[in-house]
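Here's the structure, in structure tokens; my notes come after.
Note that the structure is a prediction, hence the values are computed from the model and not measured. What you see below is based on every heavy atom in this structure, not just the backbone, and it leaves out hydrogens, waters and symmetry mates.
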Amino acid sequence: MPSTANNVRAMRPERDNIAAPDLPGEITWVGETPQSMPALTAGGPVLVHFLDFSQLNSVRTLPYLAEWDRRYREAGLTTVGVQAPRFPFGSDPDRVAAGLSELGVDFPVAIDAERELWLSYGCEGWPSLFLWTTGGALSWFHFGEGEYLGTEMAIQEELRELDALRALPEPMDPLRSSDSPGAKVMPPTPELFPGGSWEQSWTGAELELDYEAGGAFATVEGTGTLTVTIDGSDTHQLEVDGPHLYKLAEHDRHEEHHLTLAPSPDLRIWSVSFAAGVP
């Protein structure tokens, strides 16, 4: 696994004059509509985070984003989210608002229904993060989970450009052992689309699969009950009340298990995804 120092260098842009694409004026927002990017970056650094509220890697990063927004908003940081829908329901403003509220997100989030912003920013999967300097030049970027310490330190560097004497907190402690700088993790089982692709959901009586991971999750739409059985004996039920990411099982480390899902008739399973775990 690459060292933290090498990762930090890789997250710095190769040029110091990459300018922030503006936010389309006609885009739908959950929360307060922010100013244009030139206006936002004139007042301080801006963190733009592309996500999907029902996608595993996005959901795992959001506690860090919410805490950074809480810690650094008064110091001059602006945080902007962009919901880049992965599944058809991800363009519906009411569903997006409900999903973000459940995840504790209260910074403004644009609904990039056609992924126009996604393309203009050059995103490479969920999530994709970009930190822009005061003045609007790209300072830091990261695709996927991880680099939480490096990202927070980059935020603090930009804030010290505004006020070198302002006291800033110690960076957050990792929320999971796999988030620690330099942590070695095992590759989990690849994401499964039981309907055949990310564009088609699955409905049926029972779904069985084997996996190796630190945890298993499902993106489920509808209202009803999902019965989850691990290794043929450990059974529990999840109440599904709309499109969200639901935790099926979580383990202390990377483990092998057999999973059985039995959804009630009105549920649609879009994806079964797996979290990386430490060896």
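Using cut-offs of 30° and 60° on the angle between ring planes, the pair His257 and His251 is parallel.
Between the side chains of Tyr72 and Gln156, at least one donor N or O sits under 3.5 Å from an acceptor N or O. A donor and an acceptor atom, one from each side chain of Glu212 and Thr189, are nowhere located under 3.5 Å apart. No side-chain N or O of Glu152 forms a donor-acceptor pair with one of Tyr64 less than 3.5 Å apart. Side chains of Ser54 and Thr219: a donor-acceptor N/O pair is absent below 3.5 angstrom, by distance only. Under the 3.5 Å distance criterion, with hydrogens and angles disregarded, no donor-acceptor pair is assigned to the side chains of Asp231 and Ser233.
Salt bridge present: Glu67 and Arg70 bring a charged side-chain N and a carboxylate O closer than 4.0 Å. Between Arg86 and Glu191 there is a salt bridge, since a side-chain N of the basic residue sits under 4.0 Å from a carboxylate O of the acidic one. Under a 4.0 Å N-O distance rule, the pair Asp179/Arg176 qualifies as a salt bridge.
For Phe50 and Tyr121, the gap between ring centers is short of 6.0 Å. Taking the centre of each ring, Phe87 and Trp270 come in below the 6.0 Å mark.
When the salt bridge (Lys or Arg N to Asp or Glu O under 4.0 Å) test is applied to Arg73, the partners found at least two apart in sequence or on another chain are Asp69, Asp106.
Checking side-chain atoms of Glu208 against main-chain N and O of Leu261 turns up no donor-acceptor pair under 3.5 Å.
Cluster annotation: Leu103 and Leu129 are assigned to the same hydrophobic cluster (Ile/Leu/Val/Met/Phe/Trp/Tyr, side-chain heavy-atom contacts under 4.5 Å, transitive).
Hydrophobic side-chain contacts under 4.5 Å tie Met186 to no other Ile, Leu, Val, Met, Phe, Trp or Tyr residue.
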